[in-house]
There are 2 protein chains.
Amino acid sequence: MLSNPYDRNCPTRQLLDRIGDQWTVLIVGALSAGPLRFTEIARRVDGISQKVLTQTLRSLVRDGILTRTAYATIPPKVEYELTSLGRNLSEPLDVLDQWARRHMTAVQEARDAYDAEHTPASA
Amino acid sequence: MLSNPYDRNCPTRQLLDRIGDQWTVLIVGALSAGPLRFTEIARRVDGISQKVLTQTLRSLVRDGILTRTAYATIPPKVEYELTSLGRNLSEPLDVLDQWARRHMTAVQEARDAYDAEHTPASA
DNA sequence: CGGTATCCTGTAGGATACTG
DNA sequence: CAGTATCCTACAGGATACCG
C-alpha cells in the first residue's frame with residue numbers, strides 16, 4: 001500500500017508526474033550508457049520533437065536528474081549526463097521493466113478478451 | 001538499462017502508459033485494501049471527475065487489473081475489486097514509492113536550487 | 001446509485017522558421 | 001550545433017444535465 005497517495009504532495013505522485021511521461025524514461029535510458037550530446041539524444045529517442053526534447057532536458061536538469069555542460073566551442077557542444085540521483089533512478093525503472101516483461105502479455109490477453117467480448121459480434 | 005525502450009511496443013512503455021496517469025495509481029491504491037463501490041472510490045480518490053473515474057475504471061477492467069461486479073438491486077450496486085494481476089501490481093508501485101520517499105526531497109532541493117539560480121535576482 | 005451524453009476549455013506537443 | 005519563437009491542432013478532462 002502506498003503511503004498517502006491522496007495527498008497531492010505524496011512523493012510517489014510527484015515521482016509519477018516526473019517519470020510518467022514517456023520521454024523522461026527514454027532519455028534517462030539513453031543516457032544510462034554514458035553522456036550524450038543534444039543531437040545524439042534526439043537521434044536515439046526517435047520521434048521526439050526538438051521542442052519537447054529541450055523542455056524535458058531542462059526540467060530533468062532542474063530536478064537534479066542530469067547535468068548540462070556547454071562547451072564554448074564553434075560549433076557549440078552540449079553534453080548531458082546522469083547525476084548519481086539520475087543513475088539510481090534506473091533501479092525502480094528496472095523493477096517496472098521486470099514487472100512489465102512478466103505481466104504485460106497477461107494485460108494484452110485481457111484486452112483482447114475484453115474487446116472480443118465487447119465487440120458487437122459484427123456480421 | 002531497459003530492454004528496448006525505443007520500441008513503441010516495449011512492455012515498459014506500455015506499462016507506463018497504463019500507470020503513468022495518476023488516477024490509475026490512486027484507484028489501485030484505494031482498492032488494495034479490498035473491494036469498493038463506485039461512489040466509495042470517488043470519495044477516496046478526491047478530485048477525480050465522474051467521467052474520468054468511469055473511463056479509468058473501464059480501462060482497468062479491460063486490462064485485467066480489476067473486476068466489475070454489478071448487483072441488480074435497487075438502487076444499483078457495483079463493486080470493483082483488484083484481480084490477482086492488479087494485486088501484484090502493487091509490488092513495482094511499492095518500489096516506486098520507496099524510491100520516491102528516499103529521493104524526492106533531493107529532487108525538491110535540486111528544484112529549489114535551480115529556481116534560485118535561474119530567478120533573475122528580483123529587486 | 002452508477003452511470004451516459006454533450007459541450008467547452010486548457011494545454012501538451014508537433015511543424016516550421018529563425019539565431020548565437 | 002543547440003537551441004528559441006511562433007503558430008496551430010488534437011484531445012484529455014472538467015462541468016453540467018439527464019437516464020435505467
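Chain A is the first sequence line, chain B the second, and so forth, proteins listed ahead of strands; every chain is numbered from 1.
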5'-most by nearest nucleotide on DNA chain C - Arg68(B) or Ser49(A): Arg68(B)
To the nearest angstrom, how far is Trp23(A) atom CH2 from dG14(C) atom P? 6 Å
Gln55(B) has an atom CD; how far is it from atom P of dG2(C), in whole Å? 18 Å
Does any donor atom in the side chain of Arg18(A) or Ser59(A) lie under 3.5 Å from an acceptor atom in the other side chain? yes
According to a strict under-4.0 Å criterion, is Tyr80(B) in side-chain N/O contact with OP1 or OP2 of dC1(C)? no
Do any side-chain nitrogens or oxygens of Thr54(A) fall under 4.0 Å of OP1 or OP2 in dG3(D)? no
Side-chain atoms of Thr39(B) come closest, of dG3(C), dC1(C), dG13(C), to dC1(C)
Do we see a donor-acceptor contact under 3.5 Å between the side chains of Gln98(A) and Asp94(A)? no
Over how many whole Å does the gap from Leu53(B) atom CG to dC1(C) atom P extend? 14 Å
5'-most contact on DNA chain C: Pro76(A) or Asp21(A), nearest heavy atom basis? Asp21(A)
Distance, rounded to the nearest Å, where Ile74(B) contributes CD1 and dG2(C) contributes P: 14 Å
Is it true that the side chains of Arg87(B) and Ser32(B) contain a donor and an acceptor less than 3.5 Å apart? no
Atom-pair distance (CD on Gln22(B); C1' on dG13(D)), nearest Å: 14 Å
Between Leu57(A) (CG) and dC1(D) (P), how many Å, whole number? 16 Å
Applying side-chain contact (heavy atoms from CB on, under 4.5 Å), run through Gln55(B) and Trp23(B) and close with a yes or a no. CA-CA 10 Å; Gln55(B) 287 171 353; Trp23(B) 301 129; over 6 Å; no
Specify the separation, in whole Å, of atom NZ of Lys77(B) and atom C1' of dG2(C). 13 Å
Considering only dA15(D), dA15(C), dG3(D), which nucleotide approaches the side chain of Lys51(A) most closely? dA15(C)
Specify the angle, to 10°, made by the local axes at the two ends of the helix from dC1(C)-dG20(D) to dG20(C)-dC1(D) when five pairs are taken at each end. 50°
Side-chain touch Asn88(A)/Trp99(B), heavy atoms, less than 4.5 angstrom: yes
Is the shortest side-chain N/O distance from Arg37(B) to OP1 or OP2 of dC1(C) below 4.0 Å? no
Run the side-chain contact (heavy atoms from CB on, under 4.5 Å) test on Glu79(B) and Tyr71(B) for me, step by step, so that the C-alpha distance in whole Å, both residues' side-chain angles and the decisive distance to 0.1 Å come before the verdict. CA-CA 8 Å; Glu79(B) 270 198 345; Tyr71(B) 299 93; 3.9 Å; yes
Side chain proximity check, Leu66(B) to Leu31(B), heavy atoms < 4.5 angstrom: yes
Counting only side-chain nitrogens and oxygens, does Arg58(B) get under 4.0 Å of the OP1 or OP2 atom of dT4(C)? yes
Quick check for you: among dT4(C), dA17(C), dC1(D), whose closest atom lies nearest to any side-chain atom of Pro75(A)? dC1(D)
Protein-nucleotide distance (Glu40(A), atom CD; dG3(D), atom C1'), rounded to Å: 16 Å
